[in-house]
Amino acid sequence: MQHSGGFVRNCALTSHKFKEAIDGIDNTIRELEKTKTALLSSENNLRLANEKTEELISIKLTHGNPKMKAKFDAL
């Protein structure tokens, strides 16, 4: 009967380790999703900042300069 007790114990340990591994994978996926969201947000913020920088540059270059304004408008 010792053999079957050991078998049951081994099955229980294996089941527990399997559940721990699945939980670890689930936690990793959640963390990766958080990182992905943060990176996508950063990318969007950089795009917006770049657009604002371009607007500021064109405003500075064209302010009081009708020739430059006409060139930017043509673009």
When the side chains of residues 42-52 are checked against the rest of the protein, which donor-acceptor pairs come out under 3.5 Å, sequence neighbours left out?
residue : atom : partner : partner atom : Å
Ser42   : OG   : Ala38   : O            : 3.0
Asn44   : OD1  : Arg47   : NE           : 3.4
Asn44   : OD1  : Arg47   : NH2          : 2.5
Asn45   : ND2  : Ser41   : O            : 3.4
Arg47   : NH1  : Glu51   : OE2          : 2.8
Asn50   : ND2  : Glu54   : OE2          : 3.4

Distance-only donor-acceptor pairs under 3.5 Å for side chains of residues 24-33, two or more places apart:
residue : atom : partner : partner atom : Å
Asn27   : OD1  : Arg30   : NH2          : 2.2
Asn27   : ND2  : Asp23   : O            : 3.4
Thr28   : OG1  : Gly24   : O            : 2.9
Glu31   : OE2  : Lys34   : NZ           : 3.4

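Rounding to the nearest 0.5 Å gives a distance of 15.0 Å between NE2 of His16 and SG of Cys11.
Grouped with Ile22 in one hydrophobic cluster are Phe18, the linkage being side-chain heavy-atom contacts under 4.5 Å among Ile, Leu, Val, Met, Phe, Trp and Tyr residues.
With sequence neighbours left out, Glu55 forms a salt bridge (Lys or Arg N to Asp or Glu O under 4.0 Å) with no residue at all.
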